[in-house]
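All remarks here apply to the structure that follows.
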Number of protein chains: 2
Amino acid sequence: METLAIGDLAARSGVAPSALRYYEREGLIRSTRTAGNQRRYLRSELRRVAFIKIAQQVGVSLDEIREALAELPEGRTPTKADWARLSARWRGKLEERILLMQRLRDQLTGCIGCGCLSLQRCNLINPGDRLAARGTGPQMIINPPD
Amino acid sequence: METLAIGDLAARSGVAPSALRYYEREGLIRSTRTAGNQRRYLRSELRRVAFIKIAQQVGVSLDEIREALAELPEGRTPTKADWARLSARWRGKLEERILLMQRLRDQLTGCIGCGCLSLQRCNLINPGDRLAARGTGPQMIINPPD
DNA sequence: CTGCAACTTAAAGTGAACTTCAACTCAAGG
DNA sequence: CCTTGAGTTGAAGTTCACTTTAAGTTGCAG
């Protein structure tokens with residue numbers, strides 16, 4: 001068994017076949033076809049799916065994940081080093097996010113208790129970029145106290 | 001200016017009027033009406049909106065936020081202590097989430113590099129509860145290495 | 001060769017969290 | 001008093017990340 005059928009990839013990755021087809025439509029993973037038009041995946045696609053799942057954990061949108069995956073080498077199967085380079089980038093994002101959460105934790109109680117939650121000067125919340133944004137609409141991000 | 005019109009609350013909280021109306025329909029905030037049927041908010045609603053925004057940061061759904069807010073005292077304006085009690089609960093969730101992220105960070109590179117991303121035995125990802133879940137569909141959660 | 005689980009597609013549906021629209025009313029400064 | 005910006009409603013639209021459905025095709029075990 002050289003390649004995987006969609007059901008196999010689904011079983012091994014824990015991602016539903018419908019989601020895998022969706023990922024393919026969205027350009028996140030790739031497959032070849034049999035004579036009868038069924039998808040066959042290289043085993044290396046498993047790692048791609050794993051990466052997608054991990055990135056989603058970190059709060060990255062499929063759009064951003066696609067961009068990241070686009071940096072993997074075309075043509076050859078990515079090596080350990082290729083993956084390491086990519087995940088190093090997520091490490092940075094993760095690090096940022098952890099710091100954010102820690103700041104939030106440290107200031108949460110005090111900030112809700114105090115009057116500063118007029119939100120105008122409170123350094124806990126402020127409009128900004130969308131690091132932590134998931135789902136729809138604009139999201140707010142914690143602002144460093146500086 | 002005793003109470004706030006919806007535009008004032010929007011300006012002060014950074015939440016769009018349409019979102020505030022939505023929150024009200026969903027039972028997250030409350031308002032009284034003028035003779036001409038316009039919404040007027042107590043200043044204490046500002047704190048409610050702030051709480052909603054912070055909880056969203058932590059990854060809590062509006063449903064869960066509504067449940068939490070339901071524990072605030074009916075009738076009287078919540079005190080500092082009421083808010084402190086509530087935010088203490090989010091602190092726990094936050095703490096959990098931070099630990100999760102740290103574990104993820106510590107194992108990310110190794111795990112992507114190694115063969116374990118067959119996802120079958122990898123202790124980085126596993127199906128489970130939905131602590132970090134935001135948005136639609138089932139989400140995967142990091143499983144403690146134990 | 002047959003039967004049946006697993007696959008294929010396009011299109012429509014889902015749920016969360018809003019936003020936009022149209023048509024209308026209110027409130028307050030000049 | 002009048003104008004104009006702010007507010008009102010219900011209904012429909014939007015985005016993300018999928019899932020479901022319907023109608024049909026493939027691949028392999030027996």
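Quick note on labels: first sequence line is chain A, next is B, and so on, each numbered from 1.
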task: Could you check whether R40(B) gets within reach of a base, just the sugar-phosphate, or nothing at all, counting any heavy atom under 4.0 Å?
output: nothing
- line: Distance col, row S31(A):OG vs I6(A):CD1, nearest 0.5 angstrom, shows 7.5 Å
- request: Have a look at R21(B) and say if it touches a base, only the backbone sugar-phosphate, or nothing, with a 4.0 Å heavy-atom cut-off.
  value: base
- line: Atom CD1 of I6(B) and atom P of dT19(C) are separated, to the nearest Å, by 11 Å
field: Note, T32(A) side chain near L42(A) side chain (heavy atom, < 4.5 Å)
entry: no
- request: Starting from C1' on dT14(D), measure out to CG on D63(A) and report it in whole angstrom.
  value: 15 Å
query: From dA17(C), dT26(D), dA17(D), pick the nucleotide closest to the side chain of Q38(A)?
result: dT26(D)
query: Taking CD from E26(B) and P from dC18(C), how many angstroms apart are they, rounded to a whole number?
result: 10 Å
task: Take E24(B) and Y41(B) through the test side chain to side chain donor-acceptor pair (under 3.5 Å) and record every step on the way to the result.
output: CA-CA 11 Å; E24(B) 192 171 333; Y41(B) 297 95; 3.2 Å; yes
field: R33(B) side-chain N/O to dT9(D) phosphate OP1/OP2 under 4.0 Å
entry: yes
- prompt: Quick one: L9(B) CG to dT8(D) C1', roughly how many Å, whole number?
  reply: 16 Å
query: Are E2(B) and R40(B) within salt-bridge range, i.e. N to O under 4.0 Å?
result: no
message: Is the shortest side-chain heavy-atom distance between P78(B) and R76(B) below 4.5 Å?
response: no
- prompt: Roughly how many Å is it from CZ in R39(A) to C1' in dT26(D), rounded to a whole number?
  reply: 14 Å
query: With a non-hydrogen cut-off below 4.0 angstrom, is A16(B) in contact with a base, only sugar-phosphate, or nothing?
result: sugar-phosphate
- request: Would you mind reading off the distance between N37(A) atom CG and dG24(D) atom P, rounded to a whole angstrom?
  value: 17 Å
- prompt: dC18(D) C1' sits how many Å from K53(A) NZ, rounded?
  reply: 15 Å
- prompt: Would one find a side-chain N or O of Y23(B) under 4.0 angstrom from OP1 or OP2 of dA17(C)?
  reply: no
task: When you get a sec, tell me which of dT19(C), dA17(D), dT8(D) is the closest nucleotide to the side chain of Q56(A)?
output: dA17(D)
- request: Write down the distance between OH (Y22(B)) and P (dG10(D)), rounded to a whole number of angstrom.
  value: 16 Å
- prompt: Using a cut-off of less than 4.0 Å, is there contact between a side-chain N or O of T34(A) and OP1 or OP2 of dG27(D)?
  reply: yes
statement: Which of dT9(D), dA17(D), dT8(C) is nearest the side chain of L62(A)? It is dA17(D)
